[in-house]
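What follows is a single structure, written as structure tokens, with notes after it.
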Amino acid sequence: GQNIDQPTEMTATEGAIVQINCTYQTSGFNGLFWYQQHAGEAPTFLSYNVLDGLEEKGRFSSFLSRSKGYSYLLLKELQMKDSASYLCAVRGLTGGGNKLTFGTGTQLKVEL
Amino acid sequence: NAGVTQTPKFQVLKTGQSMTLQCAQDMNHEYMSWYRQDPGMGLRLIHYSVGAGITDQGEVPNGYNVSRSTTEDFPLRLLSAAPSQTSVYFCASGQGAITGELFFGEGSRLTVL
């Protein structure tokens with residue numbers, strides 16, 4: 001099985017940097033994903049890590065340490081539109097290439 | 001390109017009624033899945049399919065049936081609705097293990113009275 005933990009809520013200031021952590025325990029690991037979900041909308045894909053290290057995509061970066069079962073999502077130059085829930089998800093070794101188990105999400109509030 | 005289309009967007013049922021949530025994708029994705037999302041519980045996998053004619057159970061399958069007769073469609077059937085099935089349901093599809101990215105429909109909000 002898989003167990004995923006992330007903070008429930010975070011608050012940050014516009015223009016600042018925020019780091020959202022995710023820890024996981026899994027019997028088989030084949031990738032870690034971050035999704036963004038605005039209130040009342042569907043989740044949308046942000047990033048994917050399968051090897052250790054940092055993946056950068058514009059203002060968003062994601063880091064993975066497989067030995068520690070740890071990932072973080074880094075958001076730079078925060079904007080009000082970044083207020084959303086950020087979902088950490090793990091892919092295991094079974095169920096094809098798209099079967100993901102999600103954490104409960106971190107609700108990020110960006111304030112002026 | 002429509003992506004993943006779910007219908008209906010909103011539905012109110014009485015306990016014991018049955019209904020089907022429809023999901024269609026036009027991206028030729030082999031993988032399709034259904035999640036439910038409840039406050040404080042996150043997205044939980046109900047059923048999934050890795051191709052036409054193949055379905056499997058996820059984390060919370062009880063009370064739901066699925067079938068996959070075509071690549072495009074993956075309907076979710078509630079056999080006898082219960083208040084515990086009040087939730088927002090998302091259909092998602094994906095293609096391949098390279099990125100594993102899932103594409104989600106807009107969601108269907110179901111209330112069971």
Side-chain angles (χ1 to χ4, degrees), chain A residues 1-9 20 22-24 26-51 55 57 60 62 64 71 84-108, chain B residues 2-6 9-10 23 25 27-61 68 71 74 87-109:
Chain A
Q2 290 155 334
N3 187 44
I4 301 169
D5 288 313
Q6 50 182 134
T8 303
E9 296 178 336
I20 302 174
C22 172
T23 58
Y24 64 89
T26 179
S27 55
F29 178 82
N30 191 21
L32 188 134
F33 299 76
W34 286 95
Y35 281 76
Q36 180 190 59
Q37 186 178 24
H38 286 101
E41 298 183 7
T44 55
F45 172 79
L46 285 178
S47 70
Y48 160 68
N49 296 70
V50 67
L51 299 176
E55 293 284 340
K57 190 184 290 185
F60 291 57
S62 57
L64 175 67
S71 174
S85 183
Y86 291 85
L87 313 177
C88 174
V90 172
R91 181 173 63 185
L93 298 176
T94 60
N98 297 109
K99 184 185 175 190
L100 302 185
T101 300
F102 285 84
T104 54
T106 298
Q107 187 66 45
L108 174 65
Chain B
V4 180
T5 303
Q6 290 181 232
K9 289 186 170 46
F10 300 94
C23 177
Q25 52 92 10
M27 297 173 282
N28 201 33
H29 286 166
E30 291 295 325
Y31 182 91
M32 295 187 74
S33 57
W34 279 100
Y35 287 87
R36 61 177 289 175
Q37 188 172 39
D38 305 290
M41 302 291 289
L43 286 162
R44 291 182 292 169
L45 184 64
I46 304 171
H47 286 285
Y48 67 97
S49 169
V50 297
I54 305 169
T55 63
D56 208 345
Q57 297 182 351
E59 181 185 358
V60 288
R68 186 92 180 272
T71 299
F74 192 45
S87 188
V88 179
Y89 292 85
F90 287 99
C91 179
S93 72
Q95 180 67 14
I98 297 177
T99 67
E101 179 181 355
L102 283 177
F103 296 82
F104 285 83
E106 293 184 342
S108 299
R109 183 175 294 275

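Values below: every heavy atom of this structure, side chains too, minus hydrogens, waters and symmetry copies. Residue numbers begin at 1 in each chain, while the letters A, B, ... track the order of the sequences.
- Heavy-atom minimum distance, A/Ser47 versus A/Lys57: CA-NZ, 4.4 Å.
- Judged purely by atom type and a 3.5 angstrom limit, A/Arg91 uses its side chain to pair as donor or acceptor with the backbone of A/Asn30.
- Close approach to chain A, defined as a heavy atom under 4.5 Å from one of its heavy atoms, is seen in B/Tyr35, B/Gln37, B/Gly40, B/Met41, B/Gly42 of residues 34-42 of chain B, taken by number.
- Looking at A/Leu100, both its backbone and its side chain come within 4.5 Å of chain B, counting heavy atoms on both sides.
- Listed here is the closest heavy atom pair of A/Leu64 and A/Leu51: CD2-O, 3.6 Å.
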Exercise for the section: Carefully, step by step, assess A/Tyr86 and A/Leu46 under the rule side chain to side chain contact (heavy atoms under 4.5 Å, CB included). Expected result: CA-CA 9 Å; A/Tyr86 291 85; A/Leu46 285 178; 3.7 Å; yes
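- With a 4.5 angstrom heavy-atom cutoff, B/Leu45 touches chain A only via side-chain atoms.
- Below 4.5 Å, heavy atoms of chain B meet heavy atoms from A/Gln37, A/Glu41, A/Ala42, A/Pro43, all part of residues 36-43 of chain A.
- Without hydrogens or angle criteria, B/Ser49 side chain to B/Ile54 main chain gives a donor-acceptor distance under 3.5 Å.
- Using a 4.5 Å cut-off on side-chain heavy atoms (C-beta onward), A/Ile20 and A/Trp34 make contact.
- With hydrogens and angles disregarded, a donor-acceptor distance shorter than 3.5 Å links the side chain of B/Gln6 to the backbone of B/Cys91.
- Put simply, the side chain of A/Cys88 reaches to within 4.5 Å of the side chain of A/Gln6, judged on heavy atoms.
- One N or O on the side chain of B/Gln25 and one on the backbone of B/Asn28 form a donor-acceptor pair closer than 3.5 Å.
- In this structure the side chain of A/Asn98 never reaches within 4.5 angstrom of the side chain of B/Tyr48, judged on heavy atoms.
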